[in-house]
Engineer: 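The structure's right below; bear with me while I get my questions together.
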Amino acid sequence: MSFTTLIQSATIESLKELYGKEFTEKEFQVNETKPEFTGDYTIVLFSLLKPLKESPENLGKKLGDLLLNKHSDFFSEYNIIKGFLNLSISDDILANLLRENYNDACFGKKPLNQTRVMVEYSSPNTNKPLHLGHLRNIFIGWSISEILKANGNEVYKSSIVNDRGIHICKSMIAWQEFANGATPESTHTKGDHFVGDYYVKFNDEYKKEIKELVGDGKPEKEAEKEAPVMKKTQQMLLDWENGKPEVMELWKKMNGWVYKGFDETYKRLGTDFDQTFYESQTYILGKEFVKKGLEDGSFYKKEDGSVWIDLTAAGLDEKLLLRGDGTSVYITQDIGLVKQKFEEYHLDESIYVIGDEQIYHMNVLKEICRKLGMPFADKIYHLSYGMVELTTGKMKSREGTVVDADDLIDEMVDTSKKHTEELGKVKDFTEKELKELYETLGLGAMKFYLLRVDPKKRMIFNPEESIDFHGFTGPFIQYTYARIKSILRKVEEAMNNEQLTINNGKQSEMLLPLERQLIISLEKYSNVITQAAEEHNPSVVANYVFHLAKMFNSFYTEHSVANAESEEKKIIRLQISIMTATIIKSAMQLLGIAVPERM
RNA sequence: GGCCCCGUAGCUCAGUGGAUAGAGCAACAGCCUUCUAAGCUGUGGGUCACACGUUCGAAUCGUGUCGGGGUCACCA
């Protein structure tokens, strides 16, 4: 049980004893005490005054006395300022907590419960490589999966690949027309970039043709429709739907190139999936669903044959589910997949990591499920995240202002190399160790930069800020970890064969303020995981681990571990150091970030 | 226009009912013969967009206004 929970229940119990009234945790607040006051935790008394008909002074005194009396082992003292009852936790309790948990790699994590959750993320199109926006998506998806696991859930990571549609055909047509049989191998290009280049080529050609047609006096709208390259593309989409062998073959070949490229990037990012869905398969599921909905009257058909659902009663609009020609639209496949997911995996929650421009779309999906009487409609959670914008404005693929994922990773890794070489601390590293370190630092910086902001908020990607390795950054935390490991190595070395009995007896010296603060922060880790899981918000973990690292660095400069004032202090500080390192590693792992032993 | 999200220091962000609103970056001033200075300490910097309301107490809750964004496609 966490300190906060303990204090809450002790308070409830004491209030009952004093006044004969039952309160719940929600009726009063237990906060951390602000640094300018004495104490560790604060009970805010104001909300209790009216129901108890007491003055703050009396209530504080009575409650403080009783708490101290009944839990003399736990609390050491209290003070009352205005309506705030500040409580101090005894050194013994803190020292105990340390002794029992300092070496527990699972500290703060919950045991597995029966909750099954699927997290769908990344979900790329197969016509162009991944970009900065995908990175935010992937990092959030991975991190929330790890956080939910740490909170005791059984998690399945999935991705839906958007592998069919007009955009894919565009790349295919351009390749047919302009590639002369070139392949990623023959041009030494990463597969997803290779295919993406033909997507760009298509648009260039398309624009050129439109310009020509307009020059010949055609209205722009007509020109857009009649451009030969577009007509060919539309024909290809039809051929694809009809399963024309040459088209299918080309489609498989080009998607194969893209997947190979994606896999490389995923591997470098350290991300993976338990299940990959393909839209080319799921859209059929959706079509069957629409058929059923038509039969039971949930949907209706217009004269042109298109199928609709009326969601105006729920405050939404009429929504198209199937085109007049019977082909499916975006939402069609989602309806099919949602059912499959819940039935195959027996999910308690299905999380979709998708950009916030699709909030409306996801509301429609939920409402459709509700209307069809699907029991899982309310178990759909849209983890929406804001767009990543550049300092110069939005990313637009048409204007070439997209930040490519692979380029960005290279740049971050290069930067970490440059920084490290400038500092000159790693002269004894092998080639292999150096390479690994640069990846760890570069990716760490990038992941932390994108995860430290609340997903819901849109964020601005500032290239200079993102490669900063000081302050509120991944490398700052990695550095703190490496520093602790360095202390531990030194201490071990110095002791040689001497055995330091780290689990020795009682704490007799007073804990210093920084020591207390650190232990209390360490204790909070479990609550942090709970909060991050409940809010589906990795930035909670990022903020916590930064504050922890910051605090440790202050402690580090103030107090020596290896040359502590006494053997007892040395042991306490070693325990604090080990536990801080353990929790930094654990928390960073929840963010998908590795920590180096040395840097 | 309807609906949704956002507005906190020069910049990027925490804080979502409690005490004198906090970090990082940037600026300035200090700290390496002592466990890694990718660090630490300090200074300056705020009408929490605005107004009214609820409350013992509001950056936080409600209503309205202004500003920014998203969405309302037989696009995905």
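Below, chains carry the letters A, B, ... as their sequence lines are ordered, and counting in each starts from 1.
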Engineer: Out of the candidates A:N31, A:T42, A:T38, only one should pair with A:N86 under the side-chain contact (heavy atoms from CB on, under 4.5 Å) rule; please name it.
Structural biologist: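 So the option named by the test is A:T42.
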Engineer: Kindly indicate whether a cation-pi arrangement holds for A:R452 with A:F546, taking the cut-offs as under 6.0 Å to the six-membered ring centre and within 45° of the axis.
Structural biologist: no
Engineer: In a check of side-chain contact (heavy atoms from CB on, under 4.5 Å) between A:I576 and each of A:I578, A:L574, A:I572, which one passes?
Structural biologist: A:I572
Engineer: When the P atoms of B:rU60 and B:rG7 are considered, how many whole Å apart are they?
Structural biologist: 11 Å
Engineer: Can you tell me, in whole Å, how much space there is between the C1' of B:rU63 and that of B:rA19?
Structural biologist: 29 Å
Engineer: Would you say a side-chain N or O of A:S554 is under 4.0 Å from OP1 or OP2 of B:rU41?
Structural biologist: yes
Engineer: I want to know whether A:F476 and A:Y479 have ring centres closer than 6.0 Å.
Structural biologist: no
Engineer: If only side-chain N and O atoms of A:K50 are considered, is one of them under 4.0 Å from the OP1 or OP2 phosphate oxygen of B:rC56?
Structural biologist: yes
Engineer: What integer number of Å spans the C1' atoms of B:rA58 and B:rC48?
Structural biologist: 11 Å
Engineer: Examine A:R136 relative to A:Y385 and say whether NZ or CZ is less than 6.0 Å from the centre of the six-membered ring and inside a 45° cone about the ring axis.
Structural biologist: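 No.
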Engineer: Taking N or O atoms only and anything under 3.5 Å, show me the protein contacts with nucleotides 12-19 of chain B, one pair per line.
Structural biologist:
from: B:rU12; atom 1: O2'; to: A:E465; atom 2: OE1; distance (Å): 3.4
from: B:rC13; atom 1: OP1; to: A:I460; atom 2: N; distance (Å): 3.0
from: B:rA14; atom 1: OP1; to: A:D454; atom 2: N; distance (Å): 2.9
from: B:rA14; atom 1: OP2; to: A:K457; atom 2: NZ; distance (Å): 3.1
from: B:rG17; atom 1: O2'; to: A:Q29; atom 2: NE2; distance (Å): 2.8
from: B:rG18; atom 1: OP2; to: A:Q29; atom 2: OE1; distance (Å): 3.0
from: B:rA19; atom 1: OP2; to: A:K34; atom 2: NZ; distance (Å): 3.2
from: B:rA19; atom 1: N6; to: A:T42; atom 2: OG1; distance (Å): 2.9
from: B:rA19; atom 1: N6; to: A:N86; atom 2: OD1; distance (Å): 3.1
from: B:rA19; atom 1: N1; to: A:N86; atom 2: OD1; distance (Å): 3.4

Engineer: Any side-chain N or O of A:H361 below 4.0 angstrom from OP1/OP2 of B:rU71?
Structural biologist: no
Engineer: Could you work out the separation of B:rU8 and B:rG69 based on their P atoms and round it to a whole Å?
Structural biologist: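 15 Å, rounded to whole Å.
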Engineer: Using only atom types and a distance under 3.5 Å, with no angle test, would you say the side chain of A:D163 pairs donor to acceptor with the backbone of A:S280?
Structural biologist: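 Between the backbone of A:S280 and the side chain of A:D163 there is a qualifying donor-acceptor contact (under 3.5 Å).
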Engineer: Between A:R573 and B:rC35, is there a contact of a side-chain N or O with OP1 or OP2 at under 4.0 Å?
Structural biologist: no
Engineer: Verify the ring-centre separation between A:F84 and A:F46: is it less than 6.0 angstrom?
Structural biologist: yes
Engineer: Taking the same atom, C1', in B:rA14 and in B:rG24, what whole-Å distance lies between them?
Structural biologist: 10 Å
Engineer: Quick check for you: among B:rC72, B:rC25, B:rC40, whose closest atom lies nearest to any side-chain atom of A:Y360?
Structural biologist: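 Out of B:rC72, B:rC25, B:rC40, the nucleotide with an atom closest to A:Y360's side chain is B:rC72.
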Engineer: Checking the side chain of A:H559 only, and the main-chain atoms of A:A564 only, is there a donor and an acceptor separated by less than 3.5 Å?
Structural biologist: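 Answer holds: no.
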Engineer: Just compare B:rC40, B:rA76, B:rC35 and give me whichever is closest to any side-chain atom of A:S486.
Structural biologist: B:rC35
Engineer: Would you please say whether a donor-acceptor pair under 3.5 Å links the side chains of A:T33 and A:D40?
Structural biologist: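 No donor-acceptor contact under 3.5 Å links the two side chains.
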Engineer: When rounded to the nearest Å, what value does the distance between P atoms of B:rC25 and B:rG39 take?
Structural biologist: 7 Å
Engineer: How is A:L322 classified with respect to the nucleic acid when contacts are heavy atoms under 4.0 Å: base, sugar-phosphate, or nothing?
Structural biologist: nothing
Engineer: Using distance alone, with no hydrogens and no angle criterion, decide if A:S171 and A:N127 have a side-chain donor and acceptor under 3.5 Å apart.
Structural biologist: no
Engineer: Considering only atom P, compute the distance from B:rG1 to B:rU65 and round it to an integer number of Å.
Structural biologist: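 The same atom, P, in both gives a distance of 11 Å.
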Engineer: Over all strands shown, is A:Q358 touching base, sugar-phosphate only, or nothing at heavy-atom distances under 4.0 angstrom?
Structural biologist: base
Engineer: Given the rule that a pair is Watson-Crick or G-U wobble with both distances under 3.5 Å, how would you write RNA chain B in dot-bracket, using | for pairs to a different strand?
Structural biologist: ((((((((.[[[[.)..(...]]]].(((((.......))))).....[[[[[..)....]]]]])))))))....
Engineer: At less than 4.0 Å, is any side-chain N or O atom of A:K490 found next to OP1 or OP2 of B:rU36? Yes or no.
Structural biologist: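 So the side-chain polar atoms of A:K490 do come within 4.0 Å of the phosphate oxygens OP1 or OP2 of B:rU36, strictly under.
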Engineer: Picking from B:rA23, B:rC40, B:rU34, which would you name as closest to the side chain of A:F476?
Structural biologist: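 Looking only at heavy atoms from C-beta outward on A:F476, the closest nucleotide is B:rC40.
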Engineer: Can you tell which of B:rC35, B:rU71, B:rA76 lies closest to the side chain of A:E357?
Structural biologist: B:rU71
Engineer: In whole angstrom, give me the gap between the C1' atoms of B:rC4 and B:rC40.
Structural biologist: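 The same atom, C1', in both gives a distance of 45 Å.
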Engineer: Nearest-nucleotide wise, let me know which of A:L423 and A:W308 is further upstream toward the 5' end of RNA chain B.
Structural biologist: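 Result: A:L423.
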